Amino acid sequence: MTNNQEKKFYEKTPAERRAILGKKFGLSADELKAMAADARPEGAQMVENYLTDYRLPEGVVTGLVVNGKEYTVPMAIEEPSVIAAACNGARMTAYAGGVTAEKADRLMIGQVVMENIANPYLYRNHLLKQKDEILKIANDAYPSIQQYGGGAVGIRVRCPEDFVVLDLLVNVVDAMGANTVNTMAEAVGRWLSSKGQTVVAAILSNYATDSLQSVSVALEFPDVATDQMKGADVAARIADLSFLAQVDSYRAATHNKGIMNGIDAVLIAAGNDWRAVESGAQAYAAMEGQYRGLATWHVVGDKLIGKMTLPMAVGTVGGSIGARQLTATNAKISQIKSVPELAAVAASVGLVQNLAALRALASTGIQEGHMKLQYRVVAMRVGATAEEAGPLADRLAHLDHVDEDVSKEELSKLRKEQGHD
Ligand code: NAD
């Protein structure tokens, strides 16, 4: 490479890339300055073609009680109502003694997929007999995990259609484990190829059914009462909505979206691969062929019982967890010290998030609370400053109809009143 001009885009510095894009897409000096201000040297080590860090608002859910311990949990999310709803759900469940989280399983699955096997079921038995050798190959491919007490510990063999799938079960200890498992699965894949098999894929499955986390809560009816509705009526309606999410995929998708609002936000703030948990959760929601709500609510006697089980492939080390200072700071705030604790707390946030959403839906409707917070974003969208957003949102909350024109009009009225126009 003789000069800068010959460097490929990915070889350029972040500042050079920003300058190129600035020219090509007409970015203003202020826009480029803002991007430069948010750029970090560590970020450039994390992704290809790095430009800057894309920030998300971070807040905390307070007063969340899980297994008798009170947590303050950082959540990173752009949707205005999520943390407020999580706090509301945490408060309701804390009255009832908090969420109970069972000890989760902790194995990840690597799939080694073969095709063109003459007799899949005979070959399945043949593979099962070679378990010890397969585990040795896997462990030799990633010996460092054994020093932490982990490693490949088991195999299963399945035969979906004409494929033979060897599932390698790996204890990944405190890591999420994708790279660890992929390395092991590929080593086993190479060994099977050397034996003449046609290996079509060797990769982690995000359907982490050996890392299931269960959480539950038992609420008294007064815990869910609202100003307008008795607790027993709210509880009955929540149970109806829960049933609807078991039988209607349209409702189930939104039910689960609310749960994942909480879980994803916790996992982002904990530096985890939240897409991995999302995909596992969504697959688990459809495990019986019918896509269902992940959390269920039943009235049993004089209690409202909420339960949820889902795969939680999380980690406290590995990946990019150690690459951001804020992740370490967030771990100090949450005081989460282990993978089982992170899985339990994240799933609990999902459950209380669902409770808050269903209670609002069962009583005043989702928009009342949602819009109060949404109006602040609407205010920013029509050009309000951070100082103007609160007062403008209050004004919008009192109007019958709010759209962009109305918001702009109210903003100019506000400015006139404040003598700024
Ligand atoms: P990793 O590659 O960083 O491996 C974990 C490392 O931590 C290992 O080297 C291990 O030896 C070390 N370690 C130190 N202390 C440990 C302890 N107490 N327990 C366990 N390991 C310990 O990360 P990973 O967890 O193997 O993979 C996670 C990364 O892979 C994430 O960045 C994820 O986004 C990415 N990824 C995900 C997928 C997927 O989900 N399908 C696929 C590929 C990659």
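What you see is a predicted model, and the numbers here were worked out from it, not measured in a lab. For ligands, and for the atoms within them, numbers begin at 1 and follow the listed sequence.
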Need the ligand 1 atom indices (1-based, order shown) with element for anything under 4.0 Å from a heavy-atom of [X].
{"X": "G319", "answer": "1 (P), 3 (O), 23 (O), 29 (C), 31 (C), 32 (O)"}
{"X": "N206", "answer": "39 (C), 40 (O), 41 (N)"}
{"X": "V172", "answer": "19 (N), 20 (C)"}
{"X": "V173", "answer": "19 (N), 20 (C)"}
{"X": "N182", "answer": "42 (C), 43 (C)"}
{"X": "A276", "answer": "40 (O)"}
{"X": "S144", "answer": "11 (O)"}
{"X": "Y142", "answer": "4 (O), 8 (C), 9 (O)"}

Starting from [atom], locate the nearest protein heavy atom and write down its residue, its atom name and how far away it is, to 0.1 Å.
{"atom": "atom 37 (C) of ligand 1", "answer": "A178 CB, 3.2 Å"}
{"atom": "atom 13 (N) of ligand 1", "answer": "Y148 CE1, 3.4 Å"}
{"atom": "atom 21 (N) of ligand 1", "answer": "I145 CD1, 3.6 Å"}
{"atom": "atom 33 (C) of ligand 1", "answer": "D273 OD2, 3.3 Å"}

- [ ] For D162, look at atom CG and say whether over 12 heavy atoms of other residues, nucleotides or ligands are found less than 6.0 Å away.
- [x]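 Atom CG in D162 is not crowded, with 12 or fewer foreign heavy atoms closer than 6.0 Å.
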
Task: F243 CZ: over 12 foreign heavy atoms closer than 6.0 Å - done: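 At most 12 heavy atoms, drawn from other residues, nucleotides or ligands, come within 6.0 Å of this atom.
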
Do the side-chain N and O atoms of [X] and [Y] include a donor-acceptor pair separated by under 3.5 angstrom?
{"X": "K257", "Y": "N261", "value": "yes"}
{"X": "Y291", "Y": "N256", "value": "yes"}
{"X": "S214", "Y": "T309", "value": "yes"}
{"X": "N67", "Y": "E341", "value": "no"}

- [ ] State the CH2-NZ distance between W297 and K307, to the nearest 0.5 angstrom.
- [x]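 Here the rounded value is 11.5 Å.
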
Open item on the list: Nearest 0.5 Å, please: how far is CD in E42 from OG in S320?
Closed with: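 CD of E42 is found 12.0 Å from OG of S320.
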
Open item on the list: Test of understanding: given a 4.0 Å heavy-atom threshold, classify the contact between N179 and ligand 1 as side chain, backbone, both, or neither.
Closed with: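 Both parts.
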
Open item on the list: Less than 4.0 angstrom from a charged side-chain N to a carboxylate O is my criterion; do K136 and D140 meet it?
Closed with: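 Here K136 pairs with D140 in a salt bridge, since their nearest N and O are under 4.0 Å apart.
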
Open item on the list: Could you check whether any side-chain N or O of N139 sits under 3.5 Å from a backbone N or O of L135, counting only pairs where one atom can act as donor and the other as acceptor?
Closed with: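 A pair under 3.5 Å: yes.
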
TODO: Examine ligand 1 and decide if any of its atoms is less than 4.0 Å from a heavy atom belonging to G177.
DONE: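 So G177 counts as touching ligand 1.
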
Task: Nearest neighbour of atom 26 (O) of ligand 1 from the list I321, T180, T316, D174, on a heavy-atom basis - done: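 Minimum heavy-atom distance to atom 26 (O) of ligand 1 goes to T180.
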
